[in-house]
Number of protein chains: 2
Amino acid sequence: MKPTLQAVADAVGVSRSTVSNAYSRPDQLSATLRERILDAARQLGYPGPNPTARSLRRGFVGSIGVLFTSQLSYAFTDPFAVRFLAGVGGAAERHATSMLLVPLPPGQTDARRAVENAAVDGFCVYCVADEEWALDVIRDRGLPYVSTAARDDAGPDERFVGIDERAAAHSAAAHVAGLGHRRVALLADSVLPGAPAGPLSLSGVHEAGHPTTRGRLAGFADAFAEVGVGWGELTLLNAPGNSRQAAIAAVAGLFDGPTAPTAVLAGSDVLALGVLDALAARPDRDRPPVSVTGFDDVPEAAAAGLTTVRQPAEEKGRIAAELLLDPPADAAAGHVLLPTALVVRGSTGPVPRS
Amino acid sequence: MKPTLQAVADAVGVSRSTVSNAYSRPDQLSATLRERILDAARQLGYPGPNPTARSLRRGFVGSIGVLFTSQLSYAFTDPFAVRFLAGVGGAAERHATSMLLVPLPPGQTDARRAVENAAVDGFCVYCVADEEWALDVIRDRGLPYVSTAARDDAGPDERFVGIDERAAAHSAAAHVAGLGHRRVALLADSVLPGAPAGPLSLSGVHEAGHPTTRGRLAGFADAFAEVGVGWGELTLLNAPGNSRQAAIAAVAGLFDGPTAPTAVLAGSDVLALGVLDALAARPDRDRPPVSVTGFDDVPEAAAAGLTTVRQPAEEKGRIAAELLLDPPADAAAGHVLLPTALVVRGSTGPVPRS
DNA sequence: TTGAAAGCGATACCAT
DNA sequence: ATGGTATCGCTTTCAA
């Protein structure tokens, strides 16, 4: 039987309140009594107040949750996610708060359960596909949250940190358009839930599944519309999952034939790196080069010479956590838009003359 | 006022037990009643049983903790730690368990508190410097744990997953010794707590602070003892923290002079990469090459051509979590030794003729 | 199949 | 400065 606070109280001959005070409100008792209590506790092997019981009574837990769409192991594989987590972790640490990574099992019911059961004081919602149900649960629980993917129907009081996806994507696409590219493929993760890797046809951007994907595709499309290339003329490529493998599968066969795209705009660096892999693996190396852009500017992008859109990953995590841990009094300050920047490296160039 | 289980019970006109059963033991009531209850709950915005209260009553939480020495943000910066976390995360996910990252604030008292307050069912103890106090707290709390750093006084029933640090380090050092190197520097993280970056003098390996560091240094020393180079002839270098920066600081000025070491054996890839950075930054590029070895074989090592000792990072995390989540009946199976392998790449070579 | 009652282990108010 | 008492929100025998 593990000793309880009661046991310590009995041993010292004081009341539970006093023992509790010895731990949580040292100023409420004499230093000597406190020492006596702490000694007895040590003697008995009492490890201090039970965290669960304490949380129940106090009404808060001392940890914040981070919600992920997919596999937890994926979160650690995606360089952007890792930087984001580092930011959250740093802020949590500074607030003496733990960080609960909540994996969402497949299936709405189970996933719901996971959000309902998480012992946390609030959530950073990192990119949950179709996150509305998750936010509903969080709100029902009365917990605060910060989302990082802009949502179409965000309330004005909703805390958010992110970027202007559309404008950022536009900057990359405008760069490519400026280089003269007109036959272009757009590659994105989970364009349609469940769709296989490869070309896909959508009547418009609004049909895309994930809000982030939607925003980036829209930005790409904007830039090409400006130079007279309509949505219908762009090749849309789906990658089922944000991985190099998925990208490689998505562009299989894409570069064969005389009307192959001269540029690929990817919705993430990881996908773009996959495209570069695929390009490098082509047997005939002296075919005209294909321009490729990414998104995020993860550490690997620099080494690969990838032209991409930089967004501050760690900053995003840090701010998300801070918005949660000490909410700004001013509601407007709860909505943070981070700067982005086009980083031009070697992976983009002028259209090769045919 | 958030609705409680009681409120739902009242609304439907049943007892709390029945509502509780509707959530946790569906087989204990009729499907129709259950539906009626769940509907009412939805109506009231009741988000399901409060996780904290449930945990208190049931006696378990549904999450496992991961303990880190240092900054949480560091955990995400160190590639080995990230792979380890990915392993833990994957296993946790498969067991429908969350993962609590518990940052340890500086200062024993606060750090203790953090371990005492973590709402978890057990701990994976990842490399806590002088971890004895942490293990004491965990044991007092009556929680199971798995440690990943071999400890000198581990009980036989103590669950563990790791490698034979000494033998693994030996393999790297033997390789370097075999190449003819005799003037060698050993570089490790936190050789002595609080010591600055740079050379350090220790009467023996046993004085090194961290058990992992101790094991690796011992293995290095073993191999050189075998070729007649004693401990006193080896240059010992301290890096205060496992980072490239720390390594760069530690080797400052090391390669000047005619009796500079011809090889550096680092206790981690990150440190080794720092040494390579420092070497690459030397103004005079045509000085004789210095051999460098790392430890871990993180993803970056391959690209850098680093000779290193591979250990299965993700596997280590996965097994740690599994040892915790379903403990083997056989106590001996609770002690897992993972294989390591020397990976020879370009960063080591024969001693340059002088 | 359902309900009553007894905690799980602690905290906080209000007296003393 | 200390103690009494009423919760915090739920689960779980056990009896009906």
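A, B, ... follow the sequence lines: proteins, then strands. Residue 1 opens every chain.
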Atom pair distance, as rounded to whole Å: CZ in A:R25 and P in D:dA1: 12 Å
Interatomic distance, B:E116 CD vs C:dA10 C1' [rounded to whole Å]: 15 Å
Euclidean distance, atom CZ of residue B:R58 to atom C1' of C:dG7 [Å, nearest integer]: 16 Å
Contact under 4.0 Å: B:Y23 side-chain N or O vs D:dT12 OP1/OP2: no
Spacing of A:Q6 atom CD relative to C:dA10 atom P, expressed in whole Å: 9 Å
Touch class at under 4.0 angstrom, heavy-atom based, for B:L56 against every strand present: base
Presence of B:R54 side-chain N/O under 4.0 Å of D:dT11 phosphate oxygens OP1/OP2: yes
OP1 or OP2 of D:dT11 under 4.0 Å from side-chain N/O of B:S24: yes
Among D:dC10, D:dT2, C:dG9, the one nearest B:R57 by side-chain distance: D:dC10
C:dA10 phosphate, OP1 or OP2, under 4.0 Å from A:R16 side-chain N/O: no
Phosphate contact (C:dA4 OP1 or OP2) by B:S15 side-chain N/O below 4.0 Å: no
Whole angstrom value for the distance that separates C1' of C:dT2 from CG of B:L33: 9 Å
Atom-to-atom span, CD of B:Q28 to P of D:dC14 - whole angstrom: 14 Å
Donor-acceptor pair (no angle test) under 3.5 Å: A:T18 side chain, D:dA1 base: no
Per B:S17 side chain, nearest of listed nucleotides D:dT12, C:dA12, C:dG9: D:dT12
Matching residue for B:I64 among B:L100, B:V120, B:L143, B:V88 - test: side chain to side chain contact (heavy atoms under 4.5 Å, CB included): B:V88
Value in whole Å for how far the C1' atom of C:dC13 lies from CG of A:N21: 11 Å
Interatomic distance, A:F60 CZ vs C:dT11 C1' [rounded to whole Å]: 11 Å
Donor-acceptor pair present, A:S20 side chain and C:dA12 base, under 3.5 Å: no
Touch class at under 4.0 angstrom, heavy-atom based, for B:Y46 against every strand present: sugar-phosphate
Polar side-chain atom of A:S30 near backbone of A:L33 as donor-acceptor pair, under 3.5 Å: yes
B:Y46 and B:Y23 aromatic ring geometry - parallel, tilted or perpendicular at 30°/60° bounds: perpendicular
Sugar-phosphate, base or nothing in reach of A:V19, heavy atoms under 4.0 Å: nothing
Parallel, tilted or perpendicular: rings of A:F76 and B:F76 (30°, 60°): parallel
Check: A:Y126 ring centroid to A:F84 ring centroid under 6.0 Å: yes
